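A short worksheet on the structure shown next.
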Amino acid sequence: MQQTLDLLNFIKLKPEEKQIADKVIENKRISDEEALFLYQHARTNFLAVLANYVREKLNKDYVFFNINIHIEPTNYCVYNCKYCSYARKFKDKDGWVYSLEDIEKMVSKYKDSKITEVHITGGVHPHYDVYYYAKMIRRIKQILPHVHIKAFTAIEIDFMSKKARMTPEEGLKLLKEYGLDSMPGGGAEILVDSIQKQLHDKPGPDVWLRIHKAAHKLGIPSNATMLYGHIENYEHRVQHLRKLRDLQDQTHGFNAFIPLKYRSKNNKLSYLGEVSVIEDMRNYAVSRIYLDNFPHLKAYWVNIGKKNAQMALSFGVDDLDGTIDDTTKIYTMAGAEEQHPRMTASEMRQLIKAAKRIPVQRDSLYNIIKIYD
Ligand code: V47
């Protein structure tokens with residue numbers, strides 16, 4: 001930490017940068033205006049050093065990863081999201097639905113493996129209600145009793161609960177009884193009404209926030225994402241972060257914040273292209289500095305590629321998600337580098353060690369399974 005502080009003294013700071021750095025070092029929270037300044041005007045080397053300071057204070061030199069798989073039960077979806085490359089309608093030839101028996105077969109392959117987590121998310125299929133998904137969770141737990149099930153974005157919970165004439169709160173309670181352990185952070189996009197109205201026809205920011213709040217109240221922790229690099233501007237990003245920081249102050253139920261870079265292949269926003277890697281790194285850093293109440297910042301390597309995820313470790317990131325074993329198609333279909341996303345635990349450890357950090361295998365709640373120092 002001292003080394004990081006020395007580095008800050010070494011950089012000739014702009015007055016606004018100095019003011020923000022002083023606040024952060026005194027454990028004071030930065031304002032929305034200051035976050036906007038960081039996005040718009042701060043130098044990248046300054047952002048890296050300051051975000052690194054925050055990371056070190058919260059997580060030492062640990063970089064967390066887990067051993068996990070995804071299940072994407074279907075890509076049929078009732079909603080139309082312009083940034084999505086994955087969703088299909090019934091008329092399309094390349095849609096899929098896995099039956100509960102298919103899913104049992106998939107997870108049975110991992111009976112003798114070291115996976116600790118199954119992450120489930122997919123399209124919002126018009127036919128299935130919360131009872132169906134509760135059964136899915138129970139059947140997976142019968143085969144893999146020790147795994148943590150992190151499943152269903154807020155929008156999936158909203159739809160499946162309504163389908164069974166329940167409130168999302170009732171739906172969540174049922175899912176918890178059947179073995180749901182936590183919720184992923186997907187579907188937040190940018191939590192600003194005017195942006196979401198241009199992006200999709202699914203329920204908006206209030207529903208996402210309400211369902212995460214309800215989950216936290218029921219003792220179901222979750223993550224939060226931000227889909228950035230499309231039609232939003234920096235003010236929208238700050239508004240998004242503000243809503244998350246406020247909710248976290250109330251509930252303390254979020255584990256990790258996960259920025260998701262908009263990937264531009266095969267969707268209705270392709271004409272926008274993609275933001276630069278420097279922009280990605282700056283976004284990690286500003287998020288780390290602003291979200292002082294989020295314990296972890298995750299670079300989802302499937303979204304930005306292994307090399308960029310490794311670089312993100314110098315911009316505030318302390319978590320690389322999981323080994324995945326080629327079980328997700330969301331980013332493959334959106335043109336990401338990793339067309340068969342899979343890392344062995346040993347590859348993950350090497351990647352982290354090469355960045356001069358300490359690999360730590362974690363469970364889904366960030367309990368340490370093994371430190372590889
Ligand atoms: O909800 C969809 C986003 C999310 C694109 O909580 C896109 O641990 C970029 O949320 N470009 C799914 N992003 C992924 C997700 C996630 C992944 C890993 C870990 C966790 C966690 C959560 O991906 C969606 C949507 O917001 N998305 N299309 C696209 N073209």
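Please read all numbers here as calculations on a predicted model, not as lab measurements. Counting starts at 1 for both ligands and their atoms, in listed order.
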Give every pair formed by an N or O atom of ligand 1 and a protein N or O atom closer than 3.5 Å, one pair per line with both atom names and the distance to 0.1 Å, or write none.
residue  : atom   : partner : partner atom : Å
ligand 1 : 1 (O)  : Gly187  : N            : 2.8
ligand 1 : 6 (O)  : Gly185  : N            : 2.8
ligand 1 : 6 (O)  : Asn223  : ND2          : 3.1
ligand 1 : 8 (O)  : Lys150  : NZ           : 2.6
ligand 1 : 8 (O)  : Asn223  : ND2          : 2.9
ligand 1 : 8 (O)  : Lys298  : NZ           : 2.8
ligand 1 : 10 (O) : Gly186  : N            : 3.4
ligand 1 : 11 (N) : Arg263  : N            : 2.8
ligand 1 : 13 (N) : Tyr331  : OH           : 2.8
ligand 1 : 23 (O) : Tyr331  : OH           : 2.8
ligand 1 : 26 (O) : Glu189  : OE1          : 2.6
ligand 1 : 26 (O) : Glu189  : OE2          : 3.4
ligand 1 : 30 (N) : Tyr83   : O            : 2.8
ligand 1 : 30 (N) : Arg263  : O            : 2.9

*Look up atom CG in Leu291 and atom CD1 in Ile30, then write down how far apart they are to the nearest 0.5 Å.*
9.0 Å
*Take the angle between the ring planes of Phe90 and His127 and call it parallel below 30°, perpendicular above 60°, tilted in between.*
tilted
*Do Tyr133 and Glu156 get their side chains close enough for a donor-acceptor pair, meaning under 3.5 Å?*
no
_Under 3.5 Å, is there a donor on one side chain and an acceptor on the other for Asn66 and Glu117?_
yes
*Hey, are the side chains of Asn283 and Ser287 touching, using non-hydrogen atoms and a 4.5 Å cut-off?*
yes
Under 3.5 Å, side-chain donor or acceptor atoms of residues 305-315 against the rest of the protein: list the pairs with distances, not counting sequence neighbours.
residue : atom : partner : partner atom : Å
Lys306  : NZ   : Glu347  : OE2          : 2.9
Asn308  : ND2  : Ile304  : O            : 3.0
Gln310  : NE2  : Leu351  : O            : 2.9

